[in-house]
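The structure under discussion appears below in the form of structure tokens.
It should be emphasised that the depicted structure is a prediction, and the values quoted were computed from it without experimental measurement. For reference, positions follow the sequence shown, starting with 1.
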Amino acid sequence: MSLFTRCYLFFLLSLSLPTIGMAQDLQIQLPKYRLQADELAVVVNDNDPLSVRIGEYYIQARNIPKENLLHLSLQSGETTLQAKHFTLLREKLLKATPKHIQAYAITWTTPYRVACMSITSAITFGFDRAWCSKKQCASTRHSPYYDYSAATPYSDLSIRPTISIAAQNFKNAKALIDRGIASDGSLPKGTAYLVSSSDKARNVRAKDYLLTRSVMYNWIDTEIVRTDALRDRKDVLFYFTGKTHVDGLDSLTFLPGAIADHLTSTGGQLNGTLQMSALRWLEAGATGSFGTVVEPCNHLGKFPEPRLLMENYSHGATLIEAYWKSVQQPGEGIFIGDPLAAPYDSVKITASTKGITLITRNLKSGLYELSHADTPIGPFRKVSYLNVKAHQEQFLLPTNKQGYYRLTAL
């Protein structure tokens with residue numbers, strides 16, 4: 001992909017303009033708001049046949065360039081890597097990574113941990129004990145990617161956020177990937193369930209539920225439910241709770257692209273049995289989840305913040321971006337799921353004598369300049385300004401000329 005197309009996401013639609021009476025091509029460029037498929041590297045473990053199979057299927061299913069498939073050799077079956085051994089592997093990975101890559105997806109379930117760090121955070125930041133608690137329940141280093149507004153983490157921050165496309169078998173992995181693809185641009189009408197459980201130690205996120213519901217009013221249907229187990233819901237888009245184990249998952253229907261996690265100590269120990277593994281969410285139909293691999297205590301900063309996750313996801317960001325931006329202290333937590341799932345990435349335009357109507361959630365609040373050109377390379381000339389309000393998704397652009405339009409954030 002060229003530098004120009006990496007800078008903007010293009011939408012080419014054929015429109016019938018009533019005033020002209022003939023089909024016209026109209027193209028509009030939005031400021032970059034999400035990770036693109038060619039910016040993601042998929043990393044496989046050559047010693048794990050399932051990892052290799054998942055990686056090969058993912059790049060094919062997501063139309064990711066073959067050169068973005070990278071290889072490591074890890075001891076299969078180990079849950080934890082030693083820091084020194086991991087550092088050598090990461091150095092090899094960095095050397096093999098094309099410069100334009102902004103994020104990684106790994107395709108194995110184990111190992112999920114590097115000493116005291118999760119494997120996804122260790123790949124992202126490199127191993128450093130500052131990302132781990134110095135003593136029980138202590139804070140850790142804060143992520144520069146937390147609540148970050150841009151869509152180029154490596155270019156801006158020199159980090160590549162990482163997620164694991166984790167599964168116990170290929171059937172589950174394929175189902176996960178296919179759900180992620182099915183979610184793209186679907187604009188789901190599901191519900192965000194903010195579940196307040198009876199587990200006082202793990203229910204700490206509930207104190208922010210009222211604010212989250214208020215912020216999401218008329219944007220995402222959000223319901224606060226006081227229960228230990230949500231059951232018999234057919235429209236689950238988000239599910240956040242705090243429990244060691246979550247019952248009733250087999251009675252739920254998760255929409256494609258759904259995100260779900262439970263705040264507990266060892267949900268990120270993906271093959272663990274003492275507490276529910278985050279993998280159970282994916283096996284139940286969710287497309288993304290999160291869990292910690294070592295004892296974090298109930299430190300809020302170490303777990304996803306539902307409001308931030310929902311806000312970024314609903315503005316067209318991919319799952320990996322929205323999840324990572326919602327965790328302030330991610331060193332001990334592992335992210336799992338389909339990184340490129342983007343259910344709210346949708347742009348529609350129609351033209352009339354009044355102008356062009358743009359319908360999208362992909363513009364965050366702020367001032368934008370609208371410019372026009374007769375060719376895709378310009379020159380672009382200012383047409384007007386667009387003042388976008390919070391959670392606005394329909395805009396009338398005061399022009400109906402054919403050609404190429406660009407919106408630039410000011």
Side-chain angles (χ1 to χ4, degrees), residues 35-82 85-114 117-127 153-154 159-181 268-271 277-279 282-283 287-289 293 318-320 323-324 334-341:
L35 177 77
Q36 294 299 305
D38 74 321
E39 298 174 312
L40 180 75
V42 179
V43 188
V44 301
N45 177 10
D46 286 336
N47 292 330
D48 182 346
L50 176 59
S51 170
V52 174
R53 189 178 180 189
I54 293 171
E56 290 176 346
Y57 180 74
Y58 194 71
I59 66 166
Q60 179 184 18
R62 282 291 188 181
N63 295 315
I64 295 172
K66 291 183 179 180
E67 55 267 28
N68 289 19
L69 184 66
L70 307 180
H71 298 261
L72 289 177
S73 295
L74 295 80
Q75 185 64 40
S76 181
E78 291 185 350
T79 61
T80 305
L81 292 176
Q82 294 182 353
H85 179 50
F86 167 78
T87 298
L88 295 176
L89 289 169
R90 185 174 184 269
E91 289 175 355
K92 178 182 177 182
L93 176 63
L94 293 179
K95 289 179 181 178
T97 303
K99 295 297 183 183
H100 72 277
I101 295 297
Q102 299 291 327
Y104 292 119
I106 61 175
T107 62
W108 60 83
T109 300
T110 56
Y112 50 71
R113 176 176 163 183
V114 179
M117 291 184 70
S118 74
I119 187 73
T120 53
S121 291
I123 291 176
T124 300
F125 301 117
F127 180 79
Y154 181 70
I159 63 171
R160 293 183 173 105
T162 305
I163 195 170
S164 176
I165 306 173
Q168 298 286 5
N169 53 61
F170 182 72
K171 178 182 178 181
N172 289 349
K174 184 178 183 298
L176 166 67
I177 294 165
D178 292 348
R179 285 197 301 275
I181 293 171
Q269 295 182 11
L270 300 182
N271 63 348
S277 164
L279 274 180
L282 303 190
E283 292 165 0
T287 305
S289 192
V293 300
T318 60
L319 188 147
I320 185 175
Y323 236 147
W324 262 91
I334 186 169
F335 300 85
I336 60 175
D338 179 354
L340 293 175

task = Hey, could you give me the OG1/CD1 distance between Thr109 and Ile119, rounded to the nearest 0.5 Å?
result =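 Rounded to the nearest 0.5 Å, the OG1-CD1 separation comes to 12.0 Å.
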| request: Keeping the roles fixed (side chain from Thr110, backbone from Thr79), state whether a donor-acceptor pair exists under 3.5 Å. | output: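 Side chain of Thr110 to backbone of Thr79, a donor-acceptor pair under 3.5 Å: no, none is there.
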#### Entry: Side-chain donor/acceptor of Ser164 to backbone N/O of Trp108, under 3.5 Å
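Indeed, once roles are kept as given, a pair shorter than 3.5 Å links the two residues.
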Give me the atom names and distance for the closest heavy-atom approach of Pro339 to Ile163.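 That would be CB-CG2, 3.5 Å.
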task = Evaluate the side-chain proximity of Leu40 to Ile64: yes if any heavy-atom separation is below 4.5 Å, no if none is.
result =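 A side-chain contact under 4.5 Å exists here.
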*For atom CD of Gln82, is the number of surrounding heavy atoms from other residues, nucleotides or ligands below 6.0 Å larger than 12?*
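Counting other residues, nucleotides and ligands, CD of Gln82 stays at 12 neighbours or fewer.
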Q. Around Gln60, counting heavy atoms of other residues, nucleotides and ligands shown, do more than 12 lie under 6.0 Å from its CD?
A.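 Result for CD/Gln60: open.
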Original post:
Are Trp324 and Phe125 near enough that their ring centres are under 6.0 Å apart?
Top reply: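 Yes, the ring centres sit under 6.0 Å apart.
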- Can you list the steps and then say if Phe335 with Thr162 is a side-chain contact (heavy atoms from CB on, under 4.5 Å)? CA-CA 7 Å; Phe335 300 85; Thr162 305; over 6 Å; no
ask   = Between Tyr58 and Thr107, is a side-chain contact (heavy atoms from CB on, under 4.5 Å) present by the stated rule, with each step listed?
value = CA-CA 9 Å; Tyr58 194 71; Thr107 62; 5.7 Å; no
(request) Apply side-chain contact (heavy atoms from CB on, under 4.5 Å) to Ile101 and Arg160, showing your working. (result) CA-CA 8 Å; Ile101 295 297; Arg160 293 183 173 105; 3.8 Å; yes
Might you work through the side-chain contact (heavy atoms from CB on, under 4.5 Å) test for His100 and Asn68, ending with a clear yes or no?
CA-CA 10 Å; His100 72 277; Asn68 289 19; 4.2 Å; yes
